[in-house]
Asker: 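My questions will all concern the structure given below.
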Amino acid sequence: MSYIDQIDLQRVPRHIAVIMDGNGRWAKGKGKLRVFGHHNGVLSVRDVVEAAGDLGVEYLTLYTFSAENWNRPKLEVTAIMELLISTLNKEIAKLMKNNVRLNAIGDLDKLPGKCHRELEAAIEKTSVNTGLTLTLALSYSSREEIVHAAKELVAKVQSGELQLEDINEQMFEDNLYTSGMPNPELLIRTSGEYRISNYLLWQIAYAELYFTQKLWPDFRREDLFEAILDYQKRERRFGKTSEQVN
Ligand code: IPE
Ligand code: IPE
Ligand code: MG
C-alpha cells in the first residue's frame with residue numbers, strides 16, 4: 001500500500017513548513033556545480049506543492065533563501081535569484097491552474113529589483129486563488145521577524161493606539177510576517193541536518209519536527225506523504241498527560 005492510502009485525510013496538517021536543504025551536496029555528489037542542485041531542487045518544489053494541494057493542505061511554507069544566505073559566494077547568490085525569476089515565470093500558469101495562492105515572507109526589499117517586482121506580480125496574479133497558500137521565505141530571518149514585530153508594537157504604544165498592558169501573545173503573532181496563518185503543525189528538514197537555522201522560531205513552538213536524510217532534490221511527493229504519516233502516528237500533548245489527551 002502506498003503512503004497516500006494510509007493517510008487520514010481528516011488529520012492532515014493545515015500548515016506544513018519545510019527547510020529545503022541539501023541542494024549543494026546533491027550536486028557535488030554528482031560531480032556538478034552547486035547551482036545544478038538548486039535547479040533540480042525546483043523539480044522537488046513543483047512535486048511537493050502539487051502533492052500538498054492534492055491532500056488539502058492549506059498552507060505550505062518553504063524556506064527558500066535565508067537572510068544568512070546572502071553571505072554565500074556572489075555567483076551562487078546571483079544564480080539563485082535568477083533561478084527564482086525564471087521559475088516564477090515558468091510556474092505561474094501552473095499555480096493558476098492548481099488554484100495556488102503565492103505569498104512571501106522576509107526582508108523582500110533586499111531582493112534584486114527585478115526579482116522583487118516579478119514576485120509581487122505573481123503574488124498579485126494568484127491572489128484570486130482559493131486553494132493552497134504557498135509561502136516562500138525569502139531573505140528571511142526569524143529573529144529579524146521577531147524584532148520587527150516588537151518594533152511594530154512599540155510604535156503602537158508610543159502613538160497611544162495600544163496600551164502596554166494589553167500586549168499579549170495573539171497581538172505579537174498578529175505582527176509577525178505570518179500574521180493570519182495558523183502555526184505549522186509539522187516542520188520538515190531534509191539533508192540530515194538537525195537544526196532550525198533561524199526559521200519560524202516563534203511559530204514552531206509546538207510543531208512536530210521531522211528530519212530526513214534525503215537531500216532536497218531527491219525529496220518528492222512520496223516523501224511528503226511519509227512525513228505526514230509519521231506526524232499522524234505521534235501524540236501531540238501540549239503539556240498535558242497522555243490520559244488527558246485520549
Ligand atoms: C538549500 O541547499 C538551498 C539554499 C540554502 C538556498 P544548500 O545550498 O544549503 O545545500 P547544502 O546544504 O550546501 O548541501
Ligand atoms: C537553511 O539552509 C536555509 C534554506 C534552506 C533556505 P542552510 O543550508 O542555509 O542552513 P545552514 O547554514 O546549514 O544552517
Ligand atoms: Mg544547506
Side-chain angles (χ1 to χ4, degrees), residues 15-49 52 59-88 90-91 102-112 114-116 118-119 122 133-146 148 176-178 181 184 186-204 207 209-220 223-224 227:
H15 185 174
I16 300 176
V18 186
I19 302 175
M20 311 185 286
D21 198 16
N23 293 352
R25 278 164 282 169
W26 185 88
K28 272 194 145 179
K30 296 189 153 31
K32 306 266 185 169
L33 296 175
R34 295 178 53 84
V35 179
F36 183 66
H38 298 315
H39 274 88
N40 278 273
V42 174
L43 306 180
S44 299
V45 170
R46 187 186 294 155
D47 207 43
V48 166
V49 168
Y59 298 88
L60 180 67
T61 302
L62 304 179
Y63 207 178
T64 307
F65 193 84
S66 72
E68 291 77 15
N69 287 150
W70 289 117
N71 297 319
R72 290 195 176 188
K74 195 168 178 293
L75 212 62
E76 179 171 346
V77 171
T78 307
I80 292 174
M81 292 302 143
E82 277 168 9
L83 180 61
L84 187 64
I85 295 172
S86 66
T87 304
L88 283 171
K90 250 189 251 159
E91 299 297 318
L102 188 68
N103 179 33
I105 54 173
D107 188 358
L108 305 181
D109 288 336
K110 287 223 175 78
L111 296 173
K114 185 168 165 58
C115 198
H116 195 173
E118 301 262 346
L119 183 66
T133 297
L134 170 63
T135 301
L136 303 181
L138 283 165
S139 189
Y140 176 86
S141 150
S142 182
R143 286 183 169 179
E144 197 175 270
E145 176 185 34
I146 290 169
H148 177 264
L176 294 172
Y177 300 147
T178 50
M181 297 186 204
L186 173 62
L187 171 72
I188 298 171
R189 182 171 191 147
T190 59
S191 89
E193 305 294 353
Y194 298 96
R195 56 176 171 267
I196 303 300
S197 302
N198 204 5
Y199 194 42
L200 303 174
L201 298 177
W202 171 288
Q203 297 88 338
I204 61 166
L209 309 182
Y210 180 87
F211 297 98
T212 168
Q213 297 297 321
K214 280 228 171 151
L215 302 172
W216 178 252
D218 287 329
F219 191 94
R220 292 301 156 92
D223 301 295
L224 178 73

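Note that these values count all heavy atoms, side chains included, but never hydrogens, waters or copies made by symmetry. In listed order, ligands and their atoms are each counted from 1.
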Asker: Just wondering, more than 12 heavy atoms not from Leu201 lying within 6.0 Å of its CG?
Answerer: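 Enclosed: over 12 neighbouring heavy atoms sit under 6.0 Å from CG of Leu201.
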Asker: Check the surroundings of atom CG in Leu33: do more than 12 heavy atoms from other residues, nucleotides or ligands lie under 6.0 Å from it?
Answerer: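 Atom CG in Leu33 is not crowded, with 12 or fewer foreign heavy atoms closer than 6.0 Å.
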Asker: For ligand 1, what is the set of protein residues having any non-hydrogen atom at a distance below 4.0 Å?
Answerer: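 Within 4.0 Å of ligand 1, protein side: Met20, Asp21, Gly22, Asn23, Gly24, Arg25, Arg34, His38, Thr64, Asn69, Arg72, Ile80.
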Asker: Per the side-chain hydrogen bond (donor to acceptor under 3.5 Å, both in side chains) rule, what does the pair list look like for residues 36-45, sequence neighbours excluded?
Answerer: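 Of all non-adjacent pairs touching residues 36-45, those that pass side-chain hydrogen bond (donor to acceptor under 3.5 Å, both in side chains) are Asn23-His38, His38-Glu76, Ser44-Arg220.
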Asker: So if I count the atoms of ligand 2 from 1 in the order they appear, which ones are less than 4.0 Å from some heavy atom of Arg189?
Answerer: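 Heavy-atom distances to Arg189 below 4.0 Å select 2 (O), 10 (O), 11 (P), 13 (O), 14 (O).
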Asker: How far does CD1 of Ile188 sit from OG1 of Thr212, to the nearest 0.5 angstrom?
Answerer: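 The OG1 atom of Thr212 is 9.0 Å from CD1 of Ile188, to the nearest 0.5 Å.
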Asker: Show the atoms of ligand 2 that are less than 4.0 angstrom away from any heavy atom in Arg195.
Answerer: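 It comes down to these atoms of ligand 2: 11 (P), 13 (O), 14 (O).
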Asker: Say whether Trp202 and Ser142, considering side chains only, have a donor N or O and an acceptor N or O under 3.5 Å apart.
Answerer: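 Checked: Trp202/Ser142 side chains show no N/O donor-acceptor pair below 3.5 Å.
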Asker: Taking only residues two or more places apart in sequence, or in another chain, which ones meet Lys28 in a side-chain contact (heavy atoms from CB on, under 4.5 Å)?
Answerer: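 side-chain contact (heavy atoms from CB on, under 4.5 Å) check on Lys28 returns nothing, list empty.
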Asker: Side chains of Asp21 and Trp216, heavy atoms from C-beta outward: is any pair under 4.5 Å?
Answerer: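 Side-chain contact under 4.5 Å: no.
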Asker: Specify the closest pair of heavy atoms between Gln203 and Pro184, including all atoms of both residues, with the distance to one decimal.
Answerer: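 Here Gln203 and Pro184 meet closest at O-CD, 3.5 Å.
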Asker: Please confirm whether the backbone N or O of Tyr177 pairs with a side-chain atom of Glu145, one donor and one acceptor, at under 3.5 Å?
Answerer: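 Side chain of Glu145 to backbone of Tyr177, a donor-acceptor pair under 3.5 Å: yes, one is there.
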Asker: Spell out the protein N/O/S atoms under 2.8 Å from the Mg ion (ligand 3) as residue plus atom name.
Answerer: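 Under 2.8 Å from the Mg ion (ligand 3) - ignoring waters, which are not counted - the protein N, O or S atoms are Asp21 OD1.
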Asker: Would you please say whether a donor-acceptor pair under 3.5 Å links the side chains of Ser141 and Asn198?
Answerer: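 Distance-only check passes for Ser141 and Asn198.
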